[in-house]
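Contents: one structure, followed by commentary.
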Amino acid sequence: MAKEIWIADVQSGAHDGDEIELKGWVKRTRGSNKIRFVVLRDSTATIQCVAKRDSIGDESFEELKGALIEASLEIRGIVNPDDRAPGGHELIVTSVRVVGGVRPDSPFPITESAMESADGGETEFLLDNRHLYLRTSRMTNMLKIRSSVFGAIHSYFRDLDFTEYQAPNFVAGAVEGGSTLFEVPYFGKKAYLTQSWQLYAEAAMPALERLYTIAPSFRAEKSRTRRHLTEFWHAEMEVAWASNSEIMNHGEGVVRHIAKRLLNERENELNEIGRDLDLLARYADNPYPRMRYDEAIETLQSMNVDVEWGQDLDYSKEKVLTQDFDVPHFLTHYPKVAKPFYHRVDPDDEKYVLCHDLLAPEGYGEIIGGGERTWSEEEILARIDEEGVPREPYQFYIDTRTYGGVPHGGFGLGVDRVCSWLSGAEHIREVIPFPRDSRRVTP
RNA sequence: GCCGAUUUAGCUUAGCUGGUGGAGCGUGGGACUGUUAAUCCCAAGGUCGAGGGUUCGAACCCCUCAAUCGGCGCCA
């Protein structure tokens, strides 16, 4: 039963001349009454299988003829290197069995025309049929790239002796001041889906000192943009005894590590979806400059962008700023008024907080937000009251300062955003299997 | 929450100033012994998003609603 031979190995020449059995799905089929060509796909590659009526007999030939697109097959034959075959190898079929057929009255709905109009992006039809769209080469490539991004994040932190740590997804209070929470009924009380691991990470910071996670976060924002999901994967880290600049070193480190990993592991997939590998090499090999908020405002004002000091930078400004960047840039030292209570006020100038955003180039915008945390009990209480946030849900958070508070910080990285930016996707929906936004929770 | 747009066959679409809807892909049948998104012939498949209005006559003009898409605010 177990599958022993993968199509990618056949295409690489490992089985030339052998009689083998392939298991896979029909990607495309064509032919005459005497000869049939079936392009078989598995998770690794595709191969053309050639069946002649004379050599396999009428019964097998008719069975193969009835195997529509996405029918699953077990197919035996002899591997033959042939320049006429896409990929350079083909299987001369000796016998075939349809494992799971596809009925003619309900053919596979993801057709060339459905793919063509999407033009690398997505349509309502493809989103409604996401469970089937996943099988196409574009989605398969995206999912493999995504897997490598997740793997790279884990290996970056684990190689530096960070401990992976999990926070609850049901919570009582907000992390982001302005963000909307998903409210869920909780045995007669109200609970919310978490927006971030951060507050719970700070509780574990005195225990583990260096910790990270990759987990979903939920934000009930009605955003309709190519960079937003209501459920997204959030890679977060927290470090004790660390400054804003040391936290940024890790942000730069992990993003460059991801780019490097993709170049090593996913060159084929990136090529197939049409991504320029030189861009990834540039993101992997060069340091990321750091720019203070004030500088960014001056730059924007010199470009005649209407922006005032004290505003948070919205996407229209990020876009202008990042269009000319050749690598990601950090923006640091935002005005206190633009950021929530947990950001530590700059002791050198109380107008600012010690924070950073990492803005990705190509007009992409923010992929990381982080910084130093307000760590003394006195300061955190003052900041909470100043912003009119209730103390009660945050008592556990305040306690982490009451007992041996230390300077610390961390960041959150939007994993889907990184996948989207590095793969050159048109929309963040393309890089996650079942995207959730304000209008879609199905399939 | 705001601004803009779209909705015609399973999919992708054409449809001019209003005169009872064309095609490609897919599916079915036929032809073809080396195709590369095979090709060629034939067929089935549409109350034109829903409801109302104007008109002798509406896919097309007007109104209401719905769904979807793009963008903004907010953010990862």
Side-chain angles (χ1 to χ4, degrees), chain A residues 27-39 46 48-55 61 66 68-70 80 82-87 90 92 102-119 121-129 132 175-180 195-198 214-236 251 311-319 338-340 357-360 364-370 411-421 426-429 437-440:
Chain A
K27 185 181 173 67
R28 179 154 287 116
T29 175
R30 52 180 170 261
S32 72
N33 208 20
K34 302 276 169 51
I35 184 168
R36 270 207 95 66
F37 303 91
V38 171
V39 179
T46 63
Q48 173 168 283
C49 305
V50 186
K52 297 179 181 174
R53 189 188 281 274
D54 288 351
S55 49
F61 194 84
L68 300 186
I69 288 174
E70 286 305 309
N80 184 37
D82 192 318
D83 290 341
R84 291 174 297 183
E90 62 184 15
I92 309 298
V102 172
R103 292 193 311 278
D105 60 329
S106 58
F108 192 65
I110 313 299
T111 58
E112 287 291 336
S113 51
M115 297 285 288
E116 193 180 332
S117 73
D119 194 25
E122 278 154 332
T123 59
E124 182 186 1
F125 178 78
L126 291 177
L127 288 164
D128 286 341
N129 289 280
L132 301 176
V175 176
E176 303 291 343
S179 293
T180 321
Q195 297 172 304
S196 168
W197 163 92
Q198 180 194 322
I214 305 180
S217 285
F218 306 88
R219 297 195 184 166
E221 296 160 353
K222 288 183 181 166
S223 312
R224 303 186 48 72
T225 78
R226 62 193 207 100
R227 308 172 320 284
H228 281 86
L229 296 166
T230 52
E231 175 182 354
F232 67 96
W233 285 79
H234 211 168
E236 300 184 80
Q311 288 181 335
D312 207 351
L313 294 182
D314 61 47
Y315 179 62
S316 63
K317 280 111 191 169
E318 280 183 6
K319 193 173 179 183
K339 292 287 178 185
D357 283 356
L358 181 62
L359 305 183
Y364 194 84
E366 185 174 352
I367 53 173
I368 281 181
F411 65 74
L413 172 151
V415 183
D416 316 278
R417 281 190 177 179
V418 167
C419 292
S420 181
W421 161 57
E426 293 289 319
H427 198 291
I428 196 166
R429 278 192 305 242
D437 62 35
S438 61
R439 296 196 189 167
R440 181 178 289 278

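Each chain gets a letter, A, B and so on, in the order the sequences are listed, and its residues count up from 1.
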Taking any heavy-atom pair under 4.0 Å as a contact, classify [X]: base, sugar-phosphate, or nothing.
X: A:I368; answer: sugar-phosphate
X: A:L413; answer: nothing
X: A:S106; answer: nothing
X: A:E236; answer: nothing
X: A:D314; answer: sugar-phosphate
X: A:P107; answer: sugar-phosphate
X: A:D54; answer: base
X: A:E231; answer: nothing
X: A:R28; answer: sugar-phosphate
X: A:G412; answer: sugar-phosphate

Where the side chain of [X] is concerned, which of [options] is the nearest nucleotide?
X: A:R227; options: B:rC25, B:rC11, B:rC75; answer: B:rC75
X: A:R429; options: B:rA37, B:rG10, B:rC69; answer: B:rC69
X: A:I428; options: B:rU12, B:rC32, B:rA76; answer: B:rA76
X: A:R226; options: B:rA76, B:rC72, B:rG71; answer: B:rG71

For [N], what is the paired nucleotide under Watson-Crick or G-U wobble rules, both distances under 3.5 Å?
N: B:rC65; result: B:rG49
N: B:rC2; result: B:rG71
N: B:rG26; result: none
N: B:rA31; result: B:rU39
N: B:rA58; result: none

Nearest-Å distance for atom pair [atom1]/[atom2], residues [X] and [N]:
X: A:E124; N: B:rU13; atom1: CD; atom2: P; value: 12 Å
X: A:R219; N: B:rG73; atom1: CZ; atom2: P; value: 16 Å
X: A:D82; N: B:rU35; atom1: CG; atom2: P; value: 11 Å
X: A:K317; N: B:rG71; atom1: NZ; atom2: P; value: 17 Å

Under 5.5 Å and under 30°: A:F37 stacked on B:rG34: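 No.
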
Considering only atom [atom1], compute the distance from [N] to [M] and round it to an integer number of Å.
N: B:rC16; M: B:rG28; atom1: C1'; result: 36 Å
N: B:rC62; M: B:rU17; atom1: P; result: 13 Å
N: B:rU12; M: B:rG26; atom1: C1'; result: 11 Å
N: B:rU35; M: B:rC40; atom1: P; result: 15 Å
N: B:rU39; M: B:rU20; atom1: C1'; result: 36 Å

Using a distance-only criterion (donor-acceptor N/O pair, under 3.5 Å, no hydrogens), is the base of [N] paired with the side chain of [X]?
X: A:S223; N: B:rC75; answer: no
X: A:E221; N: B:rG1; answer: no
X: A:R417; N: B:rC75; answer: yes
X: A:S32; N: B:rC32; answer: no
X: A:E112; N: B:rU12; answer: no

Between NE2 on residue A:H228 and CG on residue A:D437, distance to nearest 0.5 Å: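 Spacing of NE2 (A:H228) from CG (A:D437) equals 11.5 Å.
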
Separation between CG of A:L359 and CG of A:L313, rounded to the nearest 0.5 Å: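 The CG atom of A:L313 is 7.5 Å from CG of A:L359, to the nearest 0.5 Å.
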
side-chain N/O A:S316 vs B:rG73 OP1/OP2, d < 4.0 Å: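 So the side-chain polar atoms of A:S316 do come within 4.0 Å of the phosphate oxygens OP1 or OP2 of B:rG73, strictly under.
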
Contact under 4.0 Å: A:R224 side-chain N or O vs B:rG70 OP1/OP2: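 Affirmative; the distance criterion is met.
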
Non-hydrogen side-chain atoms of A:D128 and A:R440 separated by less than 4.5 Å: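 A side-chain contact under 4.5 Å exists here.
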
A:S196 side chain reached by A:H234 side chain, heavy atoms, under 4.5 Å: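 A:H234 vs A:S196: side chains touch.
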
Candidates A:R30, A:K52, A:R53 - the one meeting side chain to side chain contact (heavy atoms under 4.5 Å, CB included) with A:I35: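 Of A:R30, A:K52, A:R53, side chain to side chain contact (heavy atoms under 4.5 Å, CB included) with A:I35 is met by A:K52 alone.
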
Pair A:S113-A:T111, side chain to side chain donor-acceptor pair (under 3.5 Å): steps then yes or no: CA-CA 5 Å; A:S113 51; A:T111 58; 3.0 Å; yes

Distance-only donor-acceptor check, side chains A:R227 and A:S420, under 3.5 Å: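 No, no side-chain donor-acceptor pair sits under 3.5 Å.
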
